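Order of the sequence lines fixes the chain letters, A, B, ..., with proteins taken first and strands second; residue numbering starts at 1 for each chain. This one's a predicted model, so the numbers in the text were calculated from it and none came from an experiment.
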There are 2 protein chains.
Amino acid sequence: MRKPTIQDVARLAGVGVGTVSRVLNNHAAVKESTREAVLKAMAELDYTPNPHARRIAGGKSYTISVLLPVMTTEFYVRLLNGLEAGFQEARYDVAIFPLMDRSRLERYLGSHTLAYQADGLVMATYNLTKMFNERRLKLHQPAVLVDAYGEGVDCAFMDNVAGGHLAGEYAARMDGPIHAMWVETELDQLFTTRVFEDRRRGFHAALTEAGRTADLEFTTSFDSYAARTVAAGLLERTTFPCTVFASADMIAGALLDEVLSRGLVPGQDVKIIGFDDQPWAEARGLTTLHQPVESMGYEAAGLLLSRVSGFKGAPRARKFTPTLVIRQTA
Amino acid sequence: MRKPTIQDVARLAGVGVGTVSRVLNNHAAVKESTREAVLKAMAELDYTPNPHARRIAGGKSYTISVLLPVMTTEFYVRLLNGLEAGFQEARYDVAIFPLMDRSRLERYLGSHTLAYQADGLVMATYNLTKMFNERRLKLHQPAVLVDAYGEGVDCAFMDNVAGGHLAGEYAARMDGPIHAMWVETELDQLFTTRVFEDRRRGFHAALTEAGRTADLEFTTSFDSYAARTVAAGLLERTTFPCTVFASADMIAGALLDEVLSRGLVPGQDVKIIGFDDQPWAEARGLTTLHQPVESMGYEAAGLLLSRVSGFKGAPRARKFTPTLVIRQTA
DNA sequence: TTGTAGGCGTTATCAT
DNA sequence: ATGATAACGCCTACAA
């Protein structure tokens, strides 16, 4: 009752193991009739190749590892969807290795894990290649960065500067003071991300170009309760009408709550621009920046797959740009 | 510059590969002096064993696969933490295979994926063993259910009935009408979970035992905006003071928002009991049910590891019980 | 076009 | 206590 091997298939089909291997990896030159015979034998035995053996024999294991920060946000679900879609088309499996904290990272850098043994590695949000270099560790398989930018590596990333710029352009056209709510960035030097910094840069650039400046600016942690408190502070100090760029939908949602609870009218007294286009954004009429996250993931998969297949060209960087979705709040 | 192998280590240490393998798996009988020599050589070469080769050689790969529904909730992060802690102690790696939808599941059932080839399999939330049986597929490695219950398999699960009961007992002691807010359960027959149904059963049982009954009951989707709307409806219809069992903290949070925005006093006009003890629950003073999720994951890891090590006893089921954390809202 | 044989990195079974 | 050596399941020359 043990799992059938390539030998079993060869025997049943009356061919050599080499031939079976050839049809398995559709290496050219297999007579159609024998190919069919082999396929039939495989089906009959319910044979599936052993990825470990494949890998060990110097071939591919058809597995891609994804190093992903553990965040309970919609963003990563969408990213995963895009990645999976791309890899699945090429019949690759993806295994996720959650990066919970720094100690976890150390383990991966220890380089004995399975993550390290797949055909390719995708690193989301954090550019871990730096670390590999610093420690003079060699990456033994092709890698791609997604939602991050790095020199010398293929990468697919979101242009948060452009996103912030779009928000700024739009806000500059509104009457009344312009405010902003930013998100506190992580302090861990390893796990640091520049998204909010970028959104801010783009936003300010756009305002400047339009001859305007930001009035009040607040920073909050990425937590709806905290954001709500900060939003209250903002509403205390502003005059109306005003426009607020809340650099993440979660923040925008909290602000929206606070606005409504004060009997103010969103889109009129307070114009709100979010960022992310969360699933609920449409229902709440939130004007926000939509990010093509799935496309970014899909593209990253394509970049990596080309490397896995032997592509040797120069590193490629693919930039994705958010689009402004105008709804009722602004 | 290729990765060092056991051969390299053996050569450097001046011993045979067999000896190196022995110290690697600390099989008995290796002279202390040679063991040290081998260890030194491994360190020097920065050697780490190849899990694929280990697996192929009939040994173990020291990798566990976790089949996990992709959900952006704190719950799964905590669960993962517990699982990882358990496996890590035994020096096992864990690879996560995300279950996004039914088609994904089909692939895993196809049984050729790497997920299927680890030393053990943990299935979270969904009892996939049923499916394996229905299709007469054989699981080639030990499996454990976590956050799910199943006959004939080891499992570690949360007693949501008991949790609901605790909420009911507590609510029954309050003055005024008792209401409840439930969460709409998924409709996919495969991906169905009974947690909210269980919480409800326990809750009603407790009320009955106390000679009371639930007054208003609402159902909402698992979304804070929708919940807020439902909460508003509830507050329109009730009299005060009242007590509300919100069967998930996210729902409780939305209700709390609505209560505050109406100038009502939580814990006085409206007593709120949540479920989950989310990170923010303490800051908001939410009375809620705390689930020992990490412990559950840790225990599941232990159960699986014992199987992987050859334990043949009858299936074991470990039940974990939530505890009521009383804060300001009730 | 196809079969045979060597090798991938380990573990396990022999001897010694 | 330890060193050869045969598996493990597959891929890839090489030969036919």
Taking atom types as modelled and ignoring hydrogens, do the side chains of A/T125 and A/Y76 form a donor-acceptor contact shorter than 3.5 angstrom? yes
Write down the distance between NE2 (B/H52) and C1' (C/dG7), rounded to a whole number of angstrom. 17 Å
The side chain of A/I56 is closest to which nucleotide in this list: C/dG3, C/dT1, D/dG9? D/dG9
In short, the helix from C/dT1-D/dA16 to C/dT16-D/dA1 is bent end to end, axes from five pairs each side, to 10°, by 40°
Hey, are B/D119 and B/S61 close enough side-chain-wise for a donor-acceptor pair under 3.5 Å? yes
Might you point out which heavy atoms bring A/S309 and A/K60 nearest each other, and give the distance in Å? OG-NZ, 4.2 Å
If you look at every heavy atom in A/R78 and A/Q291, which pair is closest and at what distance? NH2-O, 2.7 Å
Using side chain to side chain contact (heavy atoms under 4.5 Å, CB included), reason through A/F97 and A/L68 one step at a time and then give a plain yes or no. CA-CA 6 Å; A/F97 294 81; A/L68 201 68; over 6 Å; no
Closest contact, heavy atoms only, B/V308 versus B/P142: CG2-CG, 3.9 Å
Quickly work out the B/N50 CG to C/dG9 C1' distance and round it to whole Å. 6 Å
Atom CZ of B/R55 to atom C1' of C/dA12: distance rounded to whole Å? 16 Å
Between B/L83 and B/V122, is any pair of side-chain heavy atoms under 4.5 Å apart? yes
Between C1' of D/dG3 and CZ of B/R11, the distance in whole Å: 15 Å
Compare side-chain N and O positions of A/T19 against OP1 and OP2 of C/dT2 and report whether any pair is under 4.0 Å apart. no
One character per nucleotide, please: for nucleotides 11-16 of chain D, 5' to 3', B when the base has a protein heavy atom closer than 4.0 Å, S when only the sugar-phosphate does, - otherwise. BBB---
Pair A/R316, A/S306: side-chain N/O donor-acceptor within cut-off below 3.5 Å: yes
